[in-house]
*Asks:* 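Handing you this structure, nothing more for now.
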Amino acid sequence: MIVLVAIALTVGLLGCAFQALKPPPPKICGSPGGPPVTSPRVKLSDGRHLAYREFGVPKEEAKHKIIVVHGFGSSKDLSLPVSQELVEDLSIYFLSFDRAGYGESDPYPLRSVKSEAFDIQELADKLQIGSKFYVIGISLGAYPVWGCLKYIPHRLSGASLVVPFVHYWWPCVPANLSRESLSSLPLSDQWAFRVAHYAPWLFHWWMTQKFFPSLSFLSGNNSVFSRSDLEMLQKLSEAPSVGQEKITQQGDHESRFRDILAGYAKWEFDPSDLKNPFPDNEGSVHIWRGGEDKIIPYKLNHYIAEKLPWIHYHVVPDYGHLLFFESHLYEAILKALLLGE
C-alpha cells in the first residue's frame with residue numbers, strides 16, 4: 001500500500017510539473033474564441049499570417065522604403081516621432097509588422113534569427129515594395145536585423161540597429177567580457193537570460209513562477225531605466241500608443257517569451273563573421289546606443305563594432321534605452337541611414 005501511495009504521489013507531482021512547464025495553447029487571431037483580425041495581413045508560404053501597417057508616402061512614389069522591426073513587448077503600432085515634413089522631403093515609405101506571435105501575426109514555435117529574417121523578406125515580396133529596402137531594428141528587434149545581414153544581405157539598401165540587443169553567448173566575444181556584461185544586469189535578468197539560453201524548456205515556468213523574480217522591467221523595477229528613460233516613460237504614459245492591448249493578446253509565451261528564446265538561442269552564425277554587405281559604399285550599417293543605457297551593456301556592442309569596422313557606431317550621450325522616442329534623435333537615425341549624414 002505504501003509503495004502504491006508513493007507511486008501515485010510521484011505521478012501526481014510529475015503531472016503537476018509537466019503542466020507548469022507546458023505553455024498554454026495560443027489564442028490565435030481569427031480562430032474560434034481567439035481575438036478578431038482587424039489589421040491587413042499577408043499569408044506566408046508556410047501558411048502563417050503576418051499583420052502589417054504602412055505609412056509615409058505611397059510605396060509607388062517612395063524613394064526610400066524602410067521596414068521597421070519592433071522590439072520586445074511592442075508591435076507594428078509603435079508610434080515613432082518622425083515629422084511628416086521629413087517623411088515627404090526624403091520620400092519615405094514605412095512598413096512595420098507584428099513579429100510572429102505578437103499582435104495579430106500568427107505564432108511560430110520554431111521562430112529563430114533565421115526565420116525572422118525570411119519573414120521580413122517574404123513580407124517585402126508579398127507587398128511588392130521592390131528588390132531592395134532598408135531595415136531598422138529596435139532593441140530586441142535588432143536580432144532579426146542581424147539575421148538580415150547574414151541571410152538576405154542582397155536585399156538590403158541599409159540597416160540600423162538601434163539600442164540593439166546583445167547575446168551573452170556569442171562565440172566571438174571573450175568569455176570574461178560576456179561574464180562582466182551579464183553580471184552588470186540585475187540578478188533576476190541574469191537568471192532569466194541564462195534559463196532562456198541553457199534550459200529553454202524551463203523558460204515558461206521561470207517567467208510565470210512566483211518564487212523568484214524574473215525580468216526586472218516586467219516586475220516594475222525602474223532602476224534599470226536612466227533619468228532620460230524615466231522622463232520619456234512619463235511622457236508616453238500621458239499619450240499611450242494605440243494597439244497596446246493587442247500586443248500579447250495571443251499569449252505571453254507566444255509573443256514575449258518566444259522572442260527572448262529566439263534571441264538567446266544558439267545562432268547558426270557569429271556576427272563577427274559577417275561580411276560587409278556594401279563594399280562599394282552603396283549603403284551603410286549603423287549601431288546606435290545611448291550613453292546612459294542601463295538595459296543593454298555597452299561593452300558588447302562596442303566590441304562587435306570594433307570587430308566589424310564597416311559598421312558606423314554612434315553613441316548618444318545623456319540618453320538611455322528609449323532614445324528612439326526622441327524626435328530629433330530618430331530623425332538623425334533616418335538621415336544617417338538614408339543620406340549618410
*Asks:* Without swapping roles, check the side chain of E116 against the backbone of G147 for a donor-acceptor pair under 3.5 Å.
*Replies:* no
*Asks:* Examine F72 together with F165 and report whether their ring centres are nearer than 6.0 Å.
*Replies:* no
*Asks:* Rounded to the nearest 0.5 Å, what's the gap from OH on Y143 to NE2 on H167? Could you check?
*Replies:* 10.5 Å
*Asks:* Any sub-3.5 Å donor-acceptor pair from Y303's side-chain atoms to C172's backbone N or O?
*Replies:* yes
*Asks:* Answer with yes or no whether the side chains of Y93 and E54 bring together a donor and an acceptor at under 3.5 Å.
*Replies:* yes
*Asks:* Is the number of heavy atoms from other residues, nucleotides or ligands under 6.0 Å of K27 NZ greater than 12?
*Replies:* no
*Asks:* Does the side chain of Q249 come under 3.5 Å of the side chain of E245 through a donor N or O and an acceptor N or O?
*Replies:* no
*Asks:* Crowded around E282 CD? As in, over 12 foreign heavy atoms under 6.0 Å?
*Replies:* yes
*Asks:* Under 3.5 Å, is there a donor on one side chain and an acceptor on the other for Y102 and R256?
*Replies:* no
*Asks:* If you round to the nearest 0.5 Å, how far is NE2 of H302 from CD of E306?
*Replies:* 3.5 Å
*Asks:* If you apply the rule side-chain contact (heavy atoms from CB on, under 4.5 Å), what do you find for Y134 with I67, and how did you get there?
*Replies:* CA-CA 6 Å; Y134 298 88; I67 297 180; over 6 Å; no
*Asks:* Taking the six-membered ring for Trp, are the ring centroids of Y168 and H197 within less than 6.0 Å of each other?
*Replies:* no
*Asks:* Would R227 and E231 satisfy salt bridge (Lys or Arg N to Asp or Glu O under 4.0 Å), going step by step from the backbone distance to the final call?
*Replies:* CA-CA 6 Å; R227 175 192 54 79; E231 292 174 356; 3.1 Å; yes
*Asks:* Are V42 and H49 close enough, and set up right, to give a side-chain contact (heavy atoms from CB on, under 4.5 Å), and what steps lead you there?
*Replies:* CA-CA 5 Å; V42 298; H49 295 87; over 6 Å; no
*Asks:* Mind checking whether F97 and I120 have side chains closer than 4.5 Å, heavy atoms only?
*Replies:* yes
*Asks:* Going by an N to O cut-off under 4.0 Å, is there a salt bridge joining R111 and D259?
*Replies:* yes
*Asks:* Once you round to the nearest 0.5 Å, how far does CD1 of I247 lie from NZ of K76?
*Replies:* 9.5 Å
*Asks:* Just by distance, do the side chain of D98 and the backbone of E104 share a donor-acceptor pair under 3.5 Å?
*Replies:* yes
*Asks:* Assess the residue pair K63 and L90 against the criterion (side-chain contact (heavy atoms from CB on, under 4.5 Å)); give the C-alpha distance rounded to whole Å, side-chain angles, the decisive distance to 0.1 Å, and a yes or no.
*Replies:* CA-CA 7 Å; K63 182 178 179 181; L90 298 184; over 6 Å; no
*Asks:* Verify, without hydrogens or angle tests, whether Q190 (side chain) and L185 (backbone) share a donor-acceptor contact under 3.5 angstrom.
*Replies:* yes
*Asks:* Looking at T208 and H204, would you say the former's side chain and the latter's main chain have a donor-acceptor pair under 3.5 Å?
*Replies:* yes
*Asks:* Is the backbone N or O of G251 less than 3.5 Å from a side-chain atom of T248, with the two atoms forming a donor-acceptor pair by type?
*Replies:* no
*Asks:* What do the steps show when you test Q250 against S255 for side-chain hydrogen bond (donor to acceptor under 3.5 Å, both in side chains), and what is the final call?
*Replies:* CA-CA 7 Å; Q250 297 182 95; S255 52; over 6 Å; no
*Asks:* For the CD atom of Q121 and the CG atom of L156, what is their distance to the nearest 0.5 Å?
*Replies:* 9.5 Å
*Asks:* Step through the shown structure and confirm whether more than 12 heavy atoms of other residues, nucleotides or ligands are within 6.0 Å of NZ on K307.
*Replies:* no
*Asks:* Quick one: do L78 and F325 satisfy side-chain contact (heavy atoms from CB on, under 4.5 Å)? Show the steps, please.
*Replies:* CA-CA 10 Å; L78 176 69; F325 283 114; 3.6 Å; yes
*Asks:* Test your reading of the model: is there a side-chain donor-acceptor pair from S181 to the backbone of S178, 3.5 Å cut-off?
*Replies:* no
*Asks:* side-chain hydrogen bond (donor to acceptor under 3.5 Å, both in side chains) for H64 and S91? Distances and angles first, verdict last.
*Replies:* CA-CA 6 Å; H64 304 290; S91 187; over 6 Å; no
*Asks:* Going by the salt bridge (charged side-chain N to carboxylate O under 4.0 Å, His left out) test, name the single residue among K43, R48, R41 that passes it with D106.
*Replies:* R41
*Asks:* Compute the ring centroids of Y330 and F324, then answer whether they are less than 6.0 Å apart.
*Replies:* no
*Asks:* State whether the number of non-hydrogen atoms from other residues, nucleotides or ligands found under 6.0 Å of F118 atom CZ is greater than 12.
*Replies:* yes
*Asks:* Say whether, by atom type as modelled, one donor and one acceptor occur between the side chain of Q209 and the main chain of F211 under 3.5 angstrom.
*Replies:* yes
*Asks:* Begin with the C-alpha distance, continue with both residues' side-chain angles, and end with the deciding distance and a verdict on ring-ring contact (aromatic ring centres under 6.0 Å, His included) for W267 and W169.
*Replies:* CA-CA 9 Å; W267 293 16; W169 295 274; over 10 Å; no
*Asks:* Give a yes-or-no answer on whether the side chains of H321 and S139 include a donor-acceptor pair shorter than 3.5 Å.
*Replies:* yes
*Asks:* Check whether the ring centres of F212 and W206 lie less than 6.0 Å apart, and answer yes or no.
*Replies:* yes
*Asks:* Would you confirm whether R258, through its side chain, and G101, through its main-chain N or O, come within 3.5 Å as a donor-acceptor pair?
*Replies:* no
*Asks:* Can you see which heavy atom on I296 is nearest to which on P164, and at what distance?
*Replies:* CG2-O, 3.1 Å
*Asks:* S228 and G320: which non-hydrogen atoms are nearest, and at how many Å?
*Replies:* OG-N, 3.1 Å
*Asks:* Indicate the ring-plane relationship of H286 and H314, choosing parallel, tilted or perpendicular according to the 30° and 60° boundaries.
*Replies:* parallel
*Asks:* Got a sec: does the CH2 of W191 have more than 12 other heavy atoms crowding it under 6.0 Å?
*Replies:* no
*Asks:* Any side-chain heavy-atom pair from L202 and Y198 closer than 4.5 angstrom?
*Replies:* no
*Asks:* Nearest 0.5 Å, what's the CG-OG distance between D77 and S39?
*Replies:* 6.0 Å
*Asks:* Just wondering, do L177 and L300 contact through their side chains at under 4.5 Å, heavy atoms?
*Replies:* yes
*Asks:* Just wondering, more than 12 heavy atoms not from E85 lying within 6.0 Å of its CD?
*Replies:* no
*Asks:* Take D125 and R155 through the test salt bridge (Lys or Arg N to Asp or Glu O under 4.0 Å) and record every step on the way to the result.
*Replies:* CA-CA 11 Å; D125 290 341; R155 300 297 305 272; 2.8 Å; yes
*Asks:* Determine the sole option in I138, V163, V316 for which the side chain to side chain contact (heavy atoms under 4.5 Å, CB included) test with W288 is passed.
*Replies:* V316
*Asks:* For the backbone of S214 and the side chain of S188, can you confirm whether one donor and one acceptor N or O come within less than 3.5 Å of each other?
*Replies:* yes
*Asks:* To the nearest 0.5 Å, how far apart are CG in D229 and CD1 in I295?
*Replies:* 6.0 Å
*Asks:* Quick one: closest heavy-atom pair of P24 and E254, and the distance?
*Replies:* O-OE2, 4.4 Å
*Asks:* Examine the side chains of D119 and Y108 and answer whether a donor and an acceptor come within less than 3.5 Å of each other.
*Replies:* no
*Asks:* Hydrogens and angles aside, do K246 and T38 bring a side-chain donor and acceptor to less than 3.5 Å of each other?
*Replies:* yes
*Asks:* Before you tell me yes or no, could you show the steps for E180 and K299 under salt bridge (Lys or Arg N to Asp or Glu O under 4.0 Å), namely the whole-Å CA-CA distance, both residues' side-chain angles and the distance that decides it to 0.1 Å?
*Replies:* CA-CA 9 Å; E180 178 187 350; K299 289 187 177 180; 2.4 Å; yes
*Asks:* Could you go through D273 and K150, starting from their C-alpha distance and side-chain angles, then the distance that decides it, and tell me whether this counts as salt bridge (Lys or Arg N to Asp or Glu O under 4.0 Å)?
*Replies:* CA-CA 9 Å; D273 296 331; K150 169 63 178 180; over 6 Å; no
